[in-house]
Structure formats: structure tokens, C-alpha cells
Amino acid sequence: MKTPTIKQILLITDGCSNKGENPSSVAFDAYQKGITVNVIGVLDHDTIDEKGMSEIESIASAGGGVHQVVYTQQLSKTVQMVTRQSMNQTIQGVVNKQLQNILGKNMTIENLSPEKRGEIMEVVEDLGETSKMDILVLIDTSASMNQKLNTVKEALFDLSISLNARTGNNRFSVLLFPGKRSDVDVALEWTDGLDSLNRIFRKIEMRGITPTGPALREAIDHFSPTLNLNSPSDYEYENYYEETI
Amino acid sequence: MNMKTTTKKPFNLRVGSTITGKWHKNAYFINHVLGAGAIGTVYLAKSHAGPVAIKISENNITVTSEVNVLKILSPAQGKTLGPRLIDVDDIEIDGKIIPFYVMEYIEGVDFFRFAQYYGPGWVVKLTVALLDNLHQLHKQGWIFGDLKPENIIVEARTLLVRFVDVGGTTRQGRAIKEFTEYFDRGFWGIGSRKAEPSYDLFAIAMMMINTIHGKKVIKKEGGIKQLQTIIGQNGETKKISKVLMKALQGQYKDANEMKIELETYVDKNLSLRRSRKAQEKKRKRRSSLLEVAAVLAIAIGTYYFYMFY
């Protein structure tokens with residue numbers, strides 16, 4: 001089996017979008033292009049308004065990803081858990097596809113006996129360790145997020161420690177919205193570590209609008225325009241190739 | 001990992017209900033919850049062979065990967081490092097298939113509580129035993145990962161240390177699967193999250209500091225400097241600071257090397273007398289525990305084969 005490149009957008013926000021395209025609709029497009037959209041909602045106190053909550057849920061669900069709403073202090077743990085869970089889901093999807101090719105349409109990991117499942121899971125873990133990962137972090141820097149940004153920075157740095165312990169390669173990129181003159185600013189171009197985060201976060205100014213949809217749109221475009229090998233349907237083609245013995 | 005969220009609650013079994021596995025048809029009566037986290041819940045249950053612990057989680061990946069680890073930890077011969085794996089199955093509830101596994105129920109107290117009860121001398125002594133276990137695990141090519149006092153149980157009947165919650169156990173050379181910030185060298189800015197013996201030895205040192213001091217300190221600037229200061233603040237950790245500092249900085253080549261150095265600090269006259277802090281409590285239990293201590297004295301140096309019920 002080929003090692004897949006896992007593409008994720010990690011959206012960190014604290015509330016509702018108020019400008020431009022519907023973010024869930026954009027998240028749906030992202031998923032169709034093989035990019036998973038995960039959302040972390042960051043709370044200050046016990047409150048999150050229902051509208052914000054349902055937007056977070058629906059973006060992740062349209063984007064094939066995972067969502068979690070947490071208080072600022074728990075951000076580090078959550079960022080890692082969400083990223084890992086989402087990665088596993090993607091890989092499990094790939095493995096399920098393979099299983100169906102071998103064993104027939106309705107065969108998924110869940111339908112296997114616990115003994116067989118154990119063997120398959122080793123494959124899932126192997127892929128989790130060796131896959132390439134492209135993670136685009138999309139951070140809401142609207143006014144209400146401002147005090148939380150230091151924690152966001154620490155959480156992201158911590159995420160890079162975890163991912164860089166894997167055998168597979170990682171690429172990170174950080175986009176901030178709203179941007180100075182447009183909806184989005186590219187704060188960090190694709191790079192293999194998040195050591196330079198300090199510099200980015202020093203320059204942030206707060207703004208009122210929250211253009212989540214347009215920001216997600218630009219995030220999709222930011223993934224390299226090279227051939228997309230991550231699209232769910234592409235894996236089927238592998239069957240057409242024959243290996244040299 | 002525990003976290004408050006507004007998202008859906010994890011799946012729960014009703015206490016007092018009986019579940020029957022879909023594949024192997026074994027029945028289990030659910031007694032009560034032993035522990036619950038974000039990824040799953042562990043129950044004390046009754047089986048035809050006696051009490052067992054059952055872990056259930058909707059997360060198939062977690063369950064299956066923990067089962068794989070438990071199989072490795074329970075070799076056919078020799079002592080079992082973790083809980084013995086008894087059964088793996090699914091239950092079907094409301095059309096949903098939920099995986100679970102059944103393991104030996106290890107009766108005892110966790111490392112932290114034991115240390116609070118009997119004092120710092122026992123932390124050193126039990127850690128020596130723990131390092132022995134770890135070395136075995138490392139030799140098999142595995143790193144425990146999520147080492148913390150709650151994940152170590154001191155077995156009541158034998159005073160042996162056993163690992164529970166093997167979710168973090170990772171093949172050597174890979175990225176640690178699960179960890180707890182306070183015991184993680186990445187969090188303190190002292191090293192990577194690559195699974196290697198020194199990763200576990202860092203956690204062991206943090207565990208010793210944590211259980212001897214009886215509390216966690218808040219990470220300030222992090223790094224080895226802050227940890228060194230913390231070690232110096234308590235006479236008991238200061239005594240063993242040479243070992244702690246080496247472990248924290250990854251200077252031991254394996255667990256055995258650390259064990260040999262730590263062994264020189266073991267108090268030969270250690271008894272199961274409660275530490276001053278715990279003196280007031282539970283007078284009655286003392287005599288029975290002293291009996292256990294006598295048994296332990298005989299058993300020292302040999303492996304105790306734990307017979308299950």
C-alpha cells in the first residue's frame with residue numbers, strides 16, 4: 001500500500017463568522033479535494049453561543065473532520081488529540097477502501113472479528129507513523145481571540161514536537177484571518193517546523209470582522225497545486241497498476 | 001486525557017446491567033466504574049471466573065491498539081508487566097457496534113497514594129522494581145510512554161508494581177502515542193517525543209519528584225534549570241539528585257543502568273510503617289500490611305508468579 005499524504009486544515013476560532021461565503025460550504029469543497037477540515041472552538045468561560053457552536057460542528061462535519069470545544073488552558077492537549085484522531089480517521093478510510101477492494105463492498109474494519117482487526121490495526125498504526133502530513137493552521141485573530149493567542153502559539157509548538165517525533169515528514173503552514181488588507185494573511189509559508197512562530201504572533205493586531213468562509217477558501221488554494229494524490233477516489237486506481245515481481 | 005467539552009458524552013454502560021459479547025458470547029455483569037477518560041471508561045465487572053476489569057470505548061483504533069499492546073505485555077512465560085488480557089469482543093447496542101476488552105482486575109493502590117502513605121523510602125524502593133519491569137519492556141522493543149503515578153498499581157497482595165493503562169505504549173523509534181504533559185520531556189522543553197528508553201526514564205524521574213514532594217509544581221520557564229531547583233527544594237529528592245538529574249537529561253543508556261545506581265539509595269531497614277502524614281488514618285490496616293511485608297521479605301530476589309483467582 002502506498003503511504004498517503006494526509007492533508008488537514010486546523011481551524012482555531014472562538015465564534016461566528018460574519019463575512020462572505022458560508023464556511024461549511026467551503027469546508028465541503030475542501031473535503032472533496034482530499035483536505036480534511038478540523039475545528040477547535042476556544043472558550044473563555046462557560047459560555048459559547050449556540051450559533052457559534054453549531055457553526056463549529058457543521059464546518060467539521062462538512063469538512064470530514066473532528067471538532068472539539070475547549071477552554072483555553074486545555075488547548076495543547078486538544079490540538080494534538082484532534083489532529084491525531086483526524087489522521088487516524090483518514091488512514092482508516094484508506095484502509096477500509098483497500099479492505100473493500102479485497103473482501104467486498106460491505107467489509108469495514110468494524111465488521112472484522114477482533115482477532116483480524118488487531119492485524120489490520122497494525123497497518124493503520126504503521127501508516128500513522130510513516131505518512132506525510134501537511135497541516136495548515138488557520139487562526140481566527142479577530143478581537144475576542146486576542147488574549148488567547150499566546151496559548152494558541154504554545155499549543156502549536158507542542159503539536160510540532162509531537163508530529164516531528166514521527167518517522168514521516170511534516171509540513172506546516174499558518175494563515176491568519178482577518179488579514180491586514182485582505183481576508184487572510186499568510187503568516188508562515190510551508191515549513192517543516194514551527195520554531196518561527198514567535199515572530200508571527202508579535203505582529204498581530206486585532207480586527208472586528210471574522211471572514212471564516214473566505215479564509216477557508218484561501219486555505220484550500222494554499223495547498224500545493226500539484227497533483228492531488230489524496231482524493232478518496234484516487235486510491236481506487238491503485239488496482240489498475242501491477243507490481244513487478 | 002480529561003477535558004471538559006460541550007461535545008457529546010462518551011459511551012457509557014449501565015451499572016447493574018449484563019453485557020454479552022457478540023463473537024465469543026461471554027457474559028459480564030457490570031459492577032461499577034473504575035475510571036473514565038476522554039477515550040473510554042473502565043468498569044469493574046463479574047465474569048464466570050471472578051472479578052475482571054472491562055474497558056469500553058467507541059474508538060475502535062484505541063481499543064484495538066491497546067489490545068495489541070496487552071498481548072505483547074502478557075508473554076506466555078515470565079511475569080506479566082501489565083494486566084493479563086482475558087477477552088476481546090464487541091457489543092451491539094441500538095444497532096451500534098462498540099468494541100471492548102476484558103482484563104485481569106489488579107487490586108491495589110496507585111503509586112502516588114502508596115507513596116503518600118508509606119513515605120519517600122518506598123518511592124525509591126518501588127522505583128527500583130519499576131525500572132526492572134521497564135528494562136524488560138524496553139528489551140522487547142517497546143516504550144511505555146504514558147508513565148505517571150496513576151498508571152502504576154502496587155498490588156495489595158504481593159506489593160509488586162504493575163502497569164495499568166497501556167494506551168501510550170509505543171514501539172521503539174516511533175512517536176509516543178499518548179502521554180501526560182507533566183511527565184513528558186517535550187512539555188518541559190528537554191527532549192523529543194521519540195519512543196526511546198530515555199523518554200521513559202525522564203518520566204520515572206518526574207514521578208519520583210512528584211510522589212516524594214506529594215504535589216505538582218507549576219511549569220514556569222521549564223527546562224532542566226527549573227527542575228534542578230525543584231529537586232533542591234526537598235531533602236529527600238536532594239539525596240538522590242545525582243540519579244534524578246541524569247535521568248532527566250537522558251544520560252542513562254538504559255533502565256538497568258539507572259536501576260543499579262538508584263539501588264544504592266534503597267533504605268535497608270525500610271518497613272511498612274505509615275509516614276507521619278498518614279499516621280492518623282486507618283489504624284486497623286496496619287497489622288495486615290505488616291504480614292504482607294513479611295511475605296515480601298521472603299519473596300525478594302525471586303519472581304512471584306501471580307495466580308489469578
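Bear in mind the structure is a predicted one, so any value in this text is a computation, not a measurement. Side-chain atoms are counted along with the backbone in the values below, which use heavy atoms only and exclude waters and symmetry mates. Here is how names work: the chains are called A, B, and so on, in the same order as the sequence lines, proteins then strands, and each is numbered from 1.
Chain B is approached within less than 4.5 Å, heavy atom to heavy atom, by A:D158, A:I161, A:S162, A:A165, A:R166 from residues 156-166 of chain A, ordered by number.
For chain B, no part of A:I91 is nearby; none of its heavy atoms comes within less than 4.5 Å. In this structure, the portion of B:N68 lying under 4.5 Å from any heavy atom of chain A is its side chain and not its backbone. When heavy atoms are compared at a cutoff of 4.5 Å, B:K22 does not approach chain A at all.
For the pair A:E129 (side chain) and B:A175 (backbone), a donor-acceptor distance under 3.5 Å is present.
By the side-chain hydrogen bond (donor to acceptor under 3.5 Å, both in side chains) test, B:N151 pairs with no residue at all, sequence neighbours left out. Residues passing the side-chain contact (heavy atoms from CB on, under 4.5 Å) test with A:S54, sequence neighbours excluded: none. With sequence neighbours excluded, the residues forming a side-chain hydrogen bond (donor to acceptor under 3.5 Å, both in side chains) with A:S17 are A:E55, listed by chain and number.
Ranked by non-hydrogen atom pairs under 4.5 Å with chain A, the options B:D90, B:V67, B:D184 are led by B:D90. When B:T62, B:I61, B:N59 are compared by the number of non-hydrogen pairs under 4.5 Å with chain A, B:I61 comes out ahead.
Taking a 6.0 Å sphere around OH of B:Y182, one finds it holds more than 12 heavy atoms contributed by other residues, nucleotides or ligands.
The shortest distance between side-chain heavy atoms of A:S131 and A:M87 does not fall below 4.5 Å.
A cation-pi arrangement is present between B:K46 and B:F29 under the rule of less than 6.0 angstrom and at most 45 degrees off the ring axis.
Partner B:I230 forms a side chain to side chain contact (heavy atoms under 4.5 Å, CB included) with one of B:M206, B:H213, B:K225 and no other, that one being B:H213.
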